[in-house]
Amino acid sequence: MFKDRYFQVFLVLLCAWFVFQMLTIGFWPLPDLDGDEAWFASLATGLLRYGLCKSALLAGSSLESRGMGITSFWVYAGILAGFIKLIGTNLIALRLPSLIASVLVVFTGFWLASSLVDRKVGLLSGCALMLSAPFAGLSHYGRPEVLVSLGFVGIATLCLSEPQRAWRSFLGGFLGIALFLVYPLGPAAGLAALVLPLFAWRPRLFLWAALGFVAGSALIFFTNILPFLGQSPFSDVHAHYGMQFIPGLLFKNPLVVPVKWLKRIATEIPSQVIPMYGFWTPVVAAMGLGGLLLGRMRRLGVFFLLLILASAFWFPRFRYSYFVMFLPFLAIGFGALMAQLGPRLRWVLLAALLVPEMYYAQREIRLACGQASAQARVYREVAKAIPKDAKALGTSTRFFWPLGERYGFPASPEYVSGRITLAELMRSRGAEYLIVEKHDYPALPIEERERANPNANQNFAKSMDVFEADLLSDTGAFVLVKSIPGGYLDVREVAIYRLR
């Protein structure tokens, strides 16, 4: 294999891609672009200190008191905790697991394409995936999608390897459902692995896949369900996801399930993918779908179709970053289609489709450098303004990075409902400082229906919008310590207050 020229070229390109990823890991995508990396870091540090994926970042929310409940993805949080233990609480520790997984995704995709067709298709597939700007950017972002993508491609390899063995079907079913522990979206692969043998009508392999599925479900029962019996199936933090969880509708209103399922496939997925990834990536994806219809790719195409259907059924809600989990399959299909063309036409088409991806990537990197510099400046100023032994609350998860577990979120039903003031909330948390991001758009006050909600504002994502107005209107109990120019995203100013 090492003497094969396609494999040699692939290894050289993969090594160069890894070096490029390491050079951009600290600022592309932006540090804490949407607060998720800070949240995952908080879960990992909470797991180290408290266990069961508990978090100090969302102080006062259900996460602090009982963890993520049945939706705990303790495997991913544990991986992050290990890197944080070795490297410290920083962006590199959060992003390295995704980067390592992305290299394995590219290599596994090359291996799968080579086994289904040949190494030329594997090389073209690997090039398409590495040159994809969305995959390159998200492949070193501190979220679990790339690890789930590795699971998807690995399970496809188990299910499609020749000759097909019973133990592979068992392992595919087991790992497919156990991916829940990496991220609750993972079991879509288990559903695909379970149904795939029925298409080829191999009852024996279906039986082994079902046994693996049951074993994986038993693992989840003992780790994620049994310890949390009596609690709500979804923590209040995930209530907005629970309302969109299609399997839950089977018991409430089964007649709605087919309509909601088809609507998600036809409208929700395209509406998330096309605006966020521009024109060129959907074109490459469409060609990838065409490649998956080719004769030698058809079994992988069936698996991919089942995976998409299972994902639309299982995922509570689609977001743009989820698309990266499916890109390896589309890259393999794209490589298979390119291999059918003549050499000259192949390279012209590759340039026409992939050069814009490279242009998009360099533009994003330049923007990321400038915004990352502004955020780093603000983080330094915040760290200087707040004493090392003092705690703070604020309107954005971003300030977990300069302050760590000394920073919390005012996600408290008592405060939101108006039963206590912000100053009383801070004293109860032992917090002396308040950090407020002032945005270009007007802040939203907490609505009366939110105040009347017994689980008011436990949805941390929403709290960034609704708390800012209340914090700005309640600063009479505070002294302004420092005002820092923003300059990142739409933040024009960061104000630091001290409790009187």
Side-chain angles (χ1 to χ4, degrees), residues 5-25 27-29 95 98-114 117 119-141 145-146 149-150 152-153 273-274 276-292 297 304 320-321 323-341 343-368:
R5 64 188 178 96
Y6 290 114
F7 184 64
Q8 291 171 350
V9 172
F10 170 74
L11 283 182
V12 171
L13 293 176
L14 183 60
C15 289
W17 186 74
F18 177 77
V19 171
F20 167 77
Q21 296 290 76
M22 285 298 298
L23 293 174
T24 59
I25 192 172
F27 59 87
W28 183 46
R95 292 180 172 182
S98 293
L99 177 55
I100 294 169
S102 71
V103 173
L104 295 175
V105 167
V106 175
F107 190 87
T108 307
F110 172 86
W111 183 275
L112 179 58
S114 300
V117 188
R119 292 193 181 101
K120 179 172 71 173
V121 173
L123 173 62
L124 292 170
S125 303
C127 288
L129 191 56
M130 288 186 284
L131 291 174
S132 166
F135 183 80
L138 291 171
S139 68
H140 55 252
Y141 191 48
E145 282 87 355
V146 177
S149 178
L150 178 60
F152 283 1
V153 178
V273 172
I274 294 175
M276 298 307 301
Y277 290 96
F279 174 72
W280 293 104
T281 292
V283 169
V284 175
M287 295 182 68
L289 286 173
L292 291 174
M297 284 282 137
F304 179 72
Y320 73 93
S321 60
F323 185 57
V324 74
M325 296 186 289
F326 308 108
L327 280 176
F329 299 97
L330 297 174
I332 293 174
F334 180 80
L337 193 65
M338 288 295 99
Q340 305 297 308
L341 307 176
R344 184 173 299 176
L345 178 60
R346 181 191 309 153
W347 292 114
V348 169
L349 192 55
L350 277 172
L353 292 173
L354 297 181
V355 167
E357 290 285 287
M358 299 172 68
Y359 169 78
Y360 171 78
Q362 64 84 25
R363 187 189 65 178
E364 290 296 302
I365 289 171
R366 284 191 293 106
L367 291 173

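Everything quoted here is computed from the prediction, not taken from an experiment. Index from 1, following the sequence.
- Once rounded to the nearest 0.5 Å, the distance linking CZ of Phe304 with CG of Leu289 reads 5.5 Å.
- Annotation: the span from Phe326 atom CZ to Phe135 atom CZ amounts to 13.5 Å, rounded to 0.5 Å.
- Distance check, rounded to the nearest 0.5 Å: CZ of Phe10 to CE of Met130 gives 5.5 Å.
- Not one N or O on the side chain of Arg119 forms a donor-acceptor pair closer than 3.5 Å with the backbone of Tyr6.
- Taken to the nearest 0.5 Å, the CG atom of Leu330 stands 12.0 Å off from the CG atom of Leu337.
- By the side chain to side chain donor-acceptor pair (under 3.5 Å) test, Arg366 is found to be paired with Gln362, residues two or more places apart in sequence or in another chain being considered.
- Expressed to the nearest 0.5 Å, how far CD1 of Ile100 lies from CG of Leu150 amounts to 11.5 Å.
- Scanning both residues, Phe107 and Leu14, for their nearest heavy atoms gives CD1-CD2, 4.3 Å.
- Residues passing the ring pair (Phe, Tyr, Trp, His ring centres under 6.0 Å) test with Phe152: none are found, sequence neighbours excluded.
- Applying the side-chain contact (heavy atoms from CB on, under 4.5 Å) criterion to Ile25, with sequence neighbours excluded, gives Ile92, Arg95, Leu96, Leu99, His140.
- Here the CG atom belonging to Leu123 is positioned 13.5 Å from the CE atom belonging to Met338, to the nearest 0.5 angstrom.
- Between the side chains of Gln21 and Ser102, not a single donor N or O lies within less than 3.5 Å of an accepting N or O.
- Side-chain atoms of Ser132 never come within 3.5 Å of backbone atoms of Ala128 as a donor-acceptor pair (strictly under, hydrogens ignored).
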